Amino acid sequence: KAGVTQTPRYLIKTRGQQVTLSCSPISGHRSVSWYQQTPGQGLQFLFEYFSETQRNKGNFPGRFSGRQFSNSRSEMNVSTLELGDSALYLCASSAGGGTGLYFGPGTRLTVT
Amino acid sequence: QQQVKQSPQSLIVQKGGISIINCAYENTAFDYFPWYQQFPGKGPALLIAIRPDVSEKKEGRFTISFNKSAKQFSLHIMDSQPGDSATYFCAASTRAGGTSYGKLTFGQGTILTVHP
(Lines give C-alpha, C1' and ligand atoms only; values in the text may rest on other atoms or scores of the structure.)
Protein backbone atom coordinates (compact mmCIF):
# COMPACT_ATOMS: atom_id res chain seq x y z
CA LYS A 1 0.00 0.00 0.00
CA ALA A 2 1.14 3.52 -0.69
CA GLY A 3 1.87 5.60 2.37
CA VAL A 4 0.43 8.92 3.42
CA THR A 5 1.14 11.58 0.82
CA GLN A 6 1.26 15.31 1.41
CA THR A 7 1.39 18.18 -1.03
CA PRO A 8 3.18 20.44 -1.45
CA ARG A 9 6.36 19.31 0.26
CA TYR A 10 7.77 22.80 0.59
CA LEU A 11 6.07 26.17 0.72
CA ILE A 12 7.22 29.73 1.27
CA LYS A 13 4.60 32.32 2.17
CA THR A 14 4.57 35.90 3.34
CA ARG A 15 3.18 37.03 6.69
CA GLY A 16 -0.53 37.77 6.41
CA GLN A 17 -1.17 35.34 3.56
CA GLN A 18 -3.11 32.12 3.87
CA VAL A 19 -2.09 28.59 2.93
CA THR A 20 -3.80 25.27 2.22
CA LEU A 21 -2.03 21.96 2.71
CA SER A 22 -3.30 18.63 1.35
CA CYS A 23 -3.11 15.09 2.62
CA SER A 24 -4.05 11.74 1.10
CA PRO A 25 -4.29 8.97 3.71
CA ILE A 26 -3.32 5.34 3.30
CA SER A 27 -5.97 3.54 1.29
CA GLY A 28 -8.73 2.31 3.59
CA HIS A 29 -7.83 4.65 6.46
CA ARG A 30 -10.73 6.88 7.47
CA SER A 31 -9.07 8.81 10.29
CA VAL A 32 -6.74 11.70 9.48
CA SER A 33 -4.83 13.75 12.03
CA TRP A 34 -2.65 16.82 11.63
CA TYR A 35 0.38 17.81 13.69
CA GLN A 36 2.74 20.77 13.80
CA GLN A 37 6.42 20.10 14.44
CA THR A 38 8.82 22.86 15.50
CA PRO A 39 12.23 22.71 17.20
CA GLY A 40 10.91 24.60 20.21
CA GLN A 41 7.50 23.03 20.79
CA GLY A 42 8.09 19.58 19.32
CA LEU A 43 5.16 17.64 17.90
CA GLN A 44 1.79 19.19 18.70
CA PHE A 45 -1.64 17.89 17.78
CA LEU A 46 -3.75 20.17 15.61
CA PHE A 47 -6.92 18.21 14.84
CA GLU A 48 -8.36 14.85 13.86
CA TYR A 49 -11.03 14.02 11.33
CA PHE A 50 -13.07 10.87 10.90
CA SER A 51 -15.74 10.40 8.27
CA GLU A 52 -15.68 14.10 7.37
CA THR A 53 -16.26 15.15 11.02
CA GLN A 54 -13.76 16.86 13.27
CA ARG A 55 -13.37 14.54 16.23
CA ASN A 56 -10.67 16.38 18.17
CA LYS A 57 -8.99 19.75 18.16
CA GLY A 58 -5.74 20.84 19.77
CA ASN A 59 -4.88 24.14 21.40
CA PHE A 60 -4.31 26.24 18.32
CA PRO A 61 -5.96 29.54 17.36
CA GLY A 62 -8.94 29.65 15.04
CA ARG A 63 -6.64 30.62 12.16
CA PHE A 64 -5.93 26.91 11.88
CA SER A 65 -8.74 24.93 10.33
CA GLY A 66 -9.21 21.75 8.43
CA ARG A 67 -11.66 19.54 6.66
CA GLN A 68 -12.00 16.02 5.37
CA PHE A 69 -13.65 14.92 2.16
CA SER A 70 -15.81 11.88 1.47
CA ASN A 71 -12.81 10.04 0.00
CA SER A 72 -10.95 10.61 3.33
CA ARG A 73 -8.55 13.15 1.81
CA SER A 74 -7.96 16.08 4.09
CA GLU A 75 -6.87 19.68 3.87
CA MET A 76 -5.73 22.11 6.49
CA ASN A 77 -5.79 25.85 6.13
CA VAL A 78 -3.90 28.53 7.99
CA SER A 79 -5.10 32.08 7.53
CA THR A 80 -3.30 35.33 8.30
CA LEU A 81 0.06 33.64 8.54
CA GLU A 82 2.48 34.66 11.26
CA LEU A 83 6.25 34.13 11.41
CA GLY A 84 5.69 31.63 14.23
CA ASP A 85 3.65 29.41 11.91
CA SER A 86 6.86 28.32 10.19
CA ALA A 87 6.99 24.60 10.87
CA LEU A 88 6.78 21.11 9.48
CA TYR A 89 3.10 20.18 9.15
CA LEU A 90 2.51 16.46 9.36
CA CYS A 91 -0.53 14.51 8.34
CA ALA A 92 -1.15 11.04 9.72
CA SER A 93 -3.77 8.41 9.01
CA SER A 94 -5.15 5.49 10.92
CA ALA A 95 -7.53 2.61 10.38
CA GLY A 96 -8.79 3.30 13.91
CA GLY A 97 -8.99 1.30 17.12
CA GLY A 98 -5.37 1.77 18.10
CA THR A 99 -4.02 0.07 14.99
CA GLY A 100 -1.34 2.70 14.65
CA LEU A 101 -1.01 6.24 13.39
CA TYR A 102 1.09 6.52 10.21
CA PHE A 103 2.69 9.81 9.25
CA GLY A 104 3.39 11.35 5.88
CA PRO A 105 6.64 13.15 4.99
CA GLY A 106 5.22 16.55 5.95
CA THR A 107 4.96 19.96 4.35
CA ARG A 108 7.71 22.38 5.28
CA LEU A 109 6.10 25.83 5.59
CA THR A 110 8.31 28.88 5.83
CA VAL A 111 6.69 32.23 6.59
CA THR A 112 8.76 35.32 5.76
CA GLN B 1 -1.65 16.45 33.22
CA GLN B 2 -1.36 15.85 29.51
CA GLN B 3 2.44 15.95 29.45
CA VAL B 4 4.77 13.18 28.50
CA LYS B 5 8.32 13.73 29.72
CA GLN B 6 11.14 12.08 27.78
CA SER B 7 14.80 11.62 28.68
CA PRO B 8 17.59 11.91 27.82
CA GLN B 9 17.52 14.69 25.23
CA SER B 10 20.49 13.13 23.47
CA LEU B 11 22.26 9.80 23.67
CA ILE B 12 25.52 8.52 22.25
CA VAL B 13 26.04 4.76 22.07
CA GLN B 14 28.72 2.56 20.54
CA LYS B 15 27.80 0.08 17.84
CA GLY B 16 26.51 -3.11 19.43
CA GLY B 17 25.51 -1.38 22.64
CA ILE B 18 22.09 -0.96 24.20
CA SER B 19 20.22 2.33 23.81
CA ILE B 20 17.67 3.15 26.50
CA ILE B 21 15.18 6.01 26.32
CA ASN B 22 12.72 6.73 29.10
CA CYS B 23 9.33 8.40 29.27
CA ALA B 24 6.99 9.32 32.11
CA TYR B 25 3.36 10.39 31.96
CA GLU B 26 0.84 11.84 34.35
CA ASN B 27 -2.56 11.20 32.80
CA THR B 28 -3.75 7.82 34.08
CA ALA B 29 -6.32 7.74 31.27
CA PHE B 30 -3.55 7.12 28.73
CA ASP B 31 -3.90 3.57 27.47
CA TYR B 32 -1.84 3.43 24.29
CA PHE B 33 1.90 4.13 24.15
CA PRO B 34 3.69 4.14 20.77
CA TRP B 35 7.29 4.94 19.91
CA TYR B 36 8.29 6.72 16.71
CA GLN B 37 11.59 7.03 14.85
CA GLN B 38 12.29 10.08 12.73
CA PHE B 39 15.12 10.64 10.28
CA PRO B 40 15.99 14.14 9.03
CA GLY B 41 13.61 15.28 6.32
CA LYS B 42 11.15 12.46 6.98
CA GLY B 43 7.95 12.06 8.94
CA PRO B 44 7.92 10.01 12.17
CA ALA B 45 7.68 6.26 11.56
CA LEU B 46 5.82 3.99 13.97
CA LEU B 47 8.29 1.56 15.58
CA ILE B 48 6.42 -0.30 18.26
CA ALA B 49 3.50 0.29 20.62
CA ILE B 50 2.23 -1.12 23.90
CA ARG B 51 -0.93 -1.11 25.99
CA PRO B 52 -0.96 -1.07 29.82
CA ASP B 53 -2.16 -4.67 30.13
CA VAL B 54 1.34 -5.97 29.31
CA SER B 55 4.66 -5.09 30.93
CA GLU B 56 6.89 -5.73 27.95
CA LYS B 57 6.68 -6.02 24.18
CA LYS B 58 9.50 -7.01 21.86
CA GLU B 59 9.81 -6.61 18.11
CA GLY B 60 13.19 -7.54 16.71
CA ARG B 61 15.86 -5.41 18.39
CA PHE B 62 13.27 -3.04 19.88
CA THR B 63 11.65 -3.64 23.27
CA ILE B 64 9.17 -1.51 25.21
CA SER B 65 9.10 -1.94 28.99
CA PHE B 66 6.03 -0.58 30.75
CA ASN B 67 5.57 0.15 34.47
CA LYS B 68 1.95 1.11 35.08
CA SER B 69 2.33 1.86 38.81
CA ALA B 70 5.25 4.21 38.18
CA LYS B 71 3.60 5.66 35.06
CA GLN B 72 6.78 5.12 33.09
CA PHE B 73 7.74 3.32 29.92
CA SER B 74 10.99 2.91 28.07
CA LEU B 75 12.42 1.87 24.72
CA HIS B 76 15.41 -0.45 24.58
CA ILE B 77 17.33 -0.84 21.33
CA MET B 78 19.53 -3.91 21.50
CA ASP B 79 22.68 -4.28 19.37
CA SER B 80 22.43 -0.62 18.31
CA GLN B 81 23.61 0.10 14.76
CA PRO B 82 24.76 3.32 13.06
CA GLY B 83 21.59 3.11 10.95
CA ASP B 84 19.58 3.52 14.16
CA SER B 85 20.90 7.07 14.50
CA ALA B 86 17.73 9.17 14.46
CA THR B 87 15.38 11.08 16.74
CA TYR B 88 13.06 8.92 18.82
CA PHE B 89 9.75 10.08 20.24
CA CYS B 90 7.55 8.43 22.82
CA ALA B 91 3.86 9.24 22.79
CA ALA B 92 0.66 8.48 24.66
CA SER B 93 -3.01 8.50 23.83
CA THR B 94 -6.40 7.68 25.26
CA ARG B 95 -9.91 6.99 24.07
CA ALA B 96 -11.38 8.33 27.31
CA GLY B 97 -13.78 11.27 27.10
CA GLY B 98 -14.70 10.60 23.50
CA THR B 99 -11.23 11.17 22.14
CA SER B 100 -9.37 8.66 20.02
CA TYR B 101 -5.92 7.32 19.32
CA GLY B 102 -5.54 9.86 16.53
CA LYS B 103 -4.60 12.40 19.18
CA LEU B 104 -1.11 11.66 20.46
CA THR B 105 0.74 13.54 23.17
CA PHE B 106 4.44 13.37 22.31
CA GLY B 107 7.57 13.53 24.40
CA GLN B 108 10.21 16.08 23.40
CA GLY B 109 12.37 13.57 21.57
CA THR B 110 15.78 11.93 22.01
CA ILE B 111 18.54 12.34 19.45
CA LEU B 112 20.34 8.99 19.26
CA THR B 113 23.81 8.75 17.74
CA VAL B 114 25.35 5.32 17.30
CA HIS B 115 29.10 5.42 16.66
CA PRO B 116 30.62 2.72 14.45
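Lettering follows sequence order; numbering is per chain, from 1. Because the structure is a prediction, the values reported are computed rather than measured.
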Determine, using the 4.5 Å side-chain heavy-atom cutoff (strictly less than), whether [X] and [Y] are members of one ILVMFWY cluster.
| X | Y | answer |
| --- | --- | --- |
| B:I20 | B:Y25 | no |
| A:F45 | A:V4 | yes |
| B:Y32 | A:F50 | no |
| B:I64 | B:L112 | yes |
| A:L88 | A:Y10 | no |

- Item | Distance (rounded to the nearest 0.5 Å) between B:L46 CG and A:Y102 OH | 5.0 Å
Quick check: closest heavy atoms across [X] and [Y], and the distance to 0.1 Å?
| X | Y | value |
| --- | --- | --- |
| A:S33 | B:G102 | OG-O, 2.9 Å |
| A:Y35 | B:L104 | OH-N, 2.7 Å |
| A:L101 | B:Y36 | O-OH, 2.6 Å |

For [X], which atoms come within 4.5 Å of any heavy atom of chain B: side chain, backbone, both, or neither?
| X | value |
| --- | --- |
| A:R108 | neither |
| A:Q41 | backbone |
| A:L43 | both |

- What pairs of residues pass the side chain to side chain donor-acceptor pair (under 3.5 Å) test when at least one of them lies in residues 14-26 of chain A, not counting sequence neighbours? A:T20-A:N77
- Query: For B:Q108, what residues pass the side-chain hydrogen bond (donor to acceptor under 3.5 Å, both in side chains) criterion, not counting sequence neighbours?
  - Reply: none
- Between B:P44 and chain A, which part of the residue has a heavy atom less than 4.5 Å away: side chain, backbone, both or neither? both
- Message: Counting only heavy atoms from other residues, nucleotides and ligands, does the tally under 6.0 Å from CG of A:N59 exceed 12?
- Response: no
- Task: Determine whether more than 12 heavy atoms belonging to other residues, nucleotides or ligands lie under 6.0 Å from atom CD of B:Q9.
- Result: no
- Ordered numerically, the heavy-atom neighbours of chain A under 4.5 Å found in residues 67-78 of chain B are none
- Query: Taking ILVMFWY side chains as joined if any heavy atoms are under 4.5 angstrom apart, and letting links pass through other members, which residues group with A:F47?
  - Reply: A:L11, A:V19, A:L21, A:V32, A:W34, A:L46, A:Y49, A:F60, A:F64, A:M76, A:V78, A:L81, A:L83, A:Y89, A:L109, A:V111
